[in-house]
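Just below is one structure, and these are the notes that go with it.
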Amino acid sequence: MDEVWLKRGRERSVYNRHPWVFSGAVHHLKGEPEPGDLVAVRDASGDTLGVGYYNPRSQIVVRLLAWEERDIDATFWRQRLQAAMARRERLAVDASTDCYRLAYAEADGLPGLVVDRYADWLVLQALTLGIDRRKQELAVLLLEMTGARGVYERSDVDVRPREGLDDVAGPLAGEPPPLAVQVRENGLLFEVDIAQGQKTGFYLDQRVNRQRVAAYSAGARMLNVFSYTGGFAVYAGNAAAAVTNLDSSEQALAAARANWALNGLPPEMLSEIRGDAFVELRRLRDRGEQYDLVVLDPPKFAFSQAQVQSAARGYKDINMLGLRLLRPGGILATFSCSGAIDEGLFLKILHGAALDVGREVRVLERLAQGPDHPLLLSFPEAAYLKGVIAEVT
Ligand code: SAH
């Protein structure tokens with residue numbers, strides 16, 4: 001195995017079990033590893049820190065897979081996938097749910113690999129070159145281990161260019177999925193478009209939060225902003241008085257309508273607005289509309305640390321608009337999936353929005369990504385979704 005030797009003092013994060021080695025930490029290489037090859041990582045004295053895969057095109061030159069020198073063979077991948085599957089059985093799924101994140105990259109000891117399960121189909125994302133090179137082998141293994149009918153690739157994600165990779169999507173192993181895969185989440189039914197939908201087809205990370213928000217929906221006039229395929233709407237459908245989905249995507253709204261009907265909810269209770277939330281919420285305010293429950297679940301605004309300031313303005317703006325549409329005593333459920341904005345900053349932004357519109361915001365619940373997106377303490381980068389449910393007076 002070729003070797004990557006670190007500069008003196010730069011081994012600390014690896015000792016703390018952080019699985020990334022940045023290019024600036026590398027002193028020299030021993031051998032000539034090809035992109036994606038396995039390398040042993042040594043500290044300045046030559047002690048072994050672990051084994052990982054190498055990508056000279058990325059700022060993260062090594063992603064560590066193990067903390068000792070060992071073979072990374074089929075048995076290794078099988079064990080890691082097995083552990084990820086067992087974790088989901090214990091923590092994240094029950095009989096009423098057949099869609100969930102099966103493998104969450106670094107958090108499951110599988111840097112660069114995301115696998116989502118949608119009933120009998122799996123969706124794989126190769127976020128790094130090291131995984132990209134092995135994805136075919138992994139897909140075959142996953143098919144065998146899970147009994148799924150097919151593995152479809154959705155490696156069309158923002159991080160791929162940083163690894164020197166282009167976007168790819170398509171079937172990897174087994175049968176290709178149908179246009180709509182029907183899944184169950186907490187006993188509710190959804191159709192997922194694996195090939196064309198956003199991300200891998202569905203926002204699995206909001207599973208627990210959809211339940212929490214629904215708990216505030218009894219008798220409510222609800223506005224579900226950034227609705228996508230209507231997850232929050234369907235959960236609230238049985239208790240709410242009326243639900244409006246708002247999204248810029250006609251496809252998303254159509255899927256939300258279909259999901260509403262699939263769960264036997266009355267069509268006359270559902271309405272929708274297609275357009276830019278920043279424009280449409282102003283329009284609703286000008287018309288004097290008032291809601292009991294407003295959900296704001298925008299797409300990622302900050303893709304890097306450099307975008308935090310402008311993203312913060314976006315979050316403040318959208319939350320001011322949402323707050324203004326709530327009747328006194330109404331409930332705001334608001335989220336941010338920008339990893340670069342932590343919970344503390346998110347709460348500050350909300351506070352700023354509340355002050356500017358002259359409302360008092362009382363946080364009732366703090367929310368995060370569900371337990372199938374676990375957070376390994378040595379890898380805080382995995383935390384990205386945060387939200388609050390708040391009473392607005
Ligand atoms: N709440 C959803 C996920 C939301 S994803 C769920 O539970 O599944 C974000 C959504 O915002 C996407 O559907 C996207 O189409 C929509 N979107 C992005 N920018 C928008 C904008 N400016 N105005 C309205 N919708 C927008």
Side-chain angles (χ1 to χ4, degrees), residues 97 99-101 116 118 123 154 156-158 181 183-186 188-194 196-214 217 222-237 240 243-260 262-263 270 272-285 293-303 307 310-311 313-322 325 332-339 367-370 372-373 384-389:
T97 300
C99 58
Y100 50 90
R101 178 147 294 187
D116 286 343
Y118 295 106
V123 183
R154 282 297 302 271
D156 44 343
V157 275
D158 59 339
V181 173
V183 298
R184 237 168 333 115
E185 193 189 69
N186 289 317
L188 298 167
L189 301 175
F190 294 93
E191 280 186 347
V192 176
D193 182 345
I194 285 176
Q196 301 291 329
Q198 297 181 23
K199 297 228 281 189
T200 63
F202 198 58
Y203 288 83
L204 297 167
D205 51 1
Q206 291 283 26
R207 168 157 55 98
V208 177
N209 303 335
R210 293 189 184 112
Q211 252 175 339
R212 291 311 316 147
V213 172
S217 65
M222 171 182 179
L223 180 63
N224 184 24
V225 188
F226 307 101
S227 65
Y228 189 47
T229 55
F232 284 101
V234 168
Y235 272 69
V243 177
T244 302
N245 284 326
L246 191 160
D247 203 284
S248 55
S249 156
E250 174 53 41
Q251 268 163 309
L253 288 170
R257 231 178 295 137
N259 286 330
W260 184 266
L262 192 61
N263 289 278
L270 182 72
E272 62 196 34
I273 299 168
R274 191 193 138 187
D276 179 2
F278 291 89
V279 175
E280 298 302 328
L281 293 192
R282 282 195 172 82
R283 222 172 252 163
L284 290 170
R285 180 196 62 195
L293 173 58
V294 171
V295 180
L296 301 173
D297 185 21
K300 201 195 241 186
F301 287 166
F303 289 86
Q307 293 172 357
S310 66
R313 276 194 294 277
Y315 286 118
K316 184 173 176 191
D317 216 21
I318 201 72
N319 279 284
M320 283 170 62
L321 290 164
L325 288 170
L332 176 70
T334 179
F335 297 91
S336 159
C337 60
S338 301
L367 308 172
Q369 62 219 52
D372 52 344
H373 296 60
Y384 67 98
L385 182 62
K386 66 221 69 84
V388 304
I389 299 177

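Model, not experiment: these values are computed from the prediction. Counting starts at 1 for both ligands and their atoms, in listed order. Numbering of residues begins at 1 and proceeds along the displayed sequence.
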Worksheet item: Are the side chain of Arg154 and the backbone of Lys199 linked by a donor-acceptor contact shorter than 3.5 Å?
Response: yes

Fill in: Set of residues satisfying ring pair (Phe, Tyr, Trp, His ring centres under 6.0 Å) with respect to Phe335, sequence neighbours excluded
Phe232

Worksheet item: Just checking, is any N or O donor in the side chain of Tyr118 or Thr200 under 3.5 Å from an acceptor N or O on the other one?
Response: yes

Item to complete: Only counting residues at least two apart or in another chain, list the ones meeting ring pair (Phe, Tyr, Trp, His ring centres under 6.0 Å) with Phe202.
Response: Phe190

Worksheet item: Which residues pass the ring pair (Phe, Tyr, Trp, His ring centres under 6.0 Å) test with Phe301, sequence neighbours left out?
Response: Tyr315

Pairwise, report which nitrogen or oxygen atoms of ligand 1 are under 3.5 angstrom from protein nitrogen or oxygen atoms, and how far apart they are.
{"from": "ligand 1", "atom 1": "1 (N)", "to": "Phe226", "atom 2": "O", "distance (Å)": "3.1"}
{"from": "ligand 1", "atom 1": "1 (N)", "to": "Asp297", "atom 2": "OD2", "distance (Å)": "2.7"}
{"from": "ligand 1", "atom 1": "7 (O)", "to": "Arg210", "atom 2": "NE", "distance (Å)": "3.4"}
{"from": "ligand 1", "atom 1": "7 (O)", "to": "Arg210", "atom 2": "NH2", "distance (Å)": "3.1"}
{"from": "ligand 1", "atom 1": "8 (O)", "to": "Arg210", "atom 2": "NH2", "distance (Å)": "3.2"}
{"from": "ligand 1", "atom 1": "13 (O)", "to": "Gln198", "atom 2": "NE2", "distance (Å)": "3.2"}
{"from": "ligand 1", "atom 1": "13 (O)", "to": "Asp247", "atom 2": "OD1", "distance (Å)": "3.3"}
{"from": "ligand 1", "atom 1": "13 (O)", "to": "Asp247", "atom 2": "OD2", "distance (Å)": "2.7"}
{"from": "ligand 1", "atom 1": "15 (O)", "to": "Gln198", "atom 2": "NE2", "distance (Å)": "3.1"}
{"from": "ligand 1", "atom 1": "15 (O)", "to": "Asp247", "atom 2": "OD1", "distance (Å)": "2.6"}
{"from": "ligand 1", "atom 1": "17 (N)", "to": "Ser248", "atom 2": "OG", "distance (Å)": "3.4"}
{"from": "ligand 1", "atom 1": "22 (N)", "to": "Asp276", "atom 2": "OD1", "distance (Å)": "2.9"}
{"from": "ligand 1", "atom 1": "23 (N)", "to": "Ala277", "atom 2": "N", "distance (Å)": "2.8"}
{"from": "ligand 1", "atom 1": "25 (N)", "to": "Ser248", "atom 2": "N", "distance (Å)": "3.1"}
{"from": "ligand 1", "atom 1": "25 (N)", "to": "Ser248", "atom 2": "OG", "distance (Å)": "3.3"}

Worksheet item: Less than 4.5 Å apart, any side-chain heavy atom of Leu332 and any of Asn319?
Response: yes

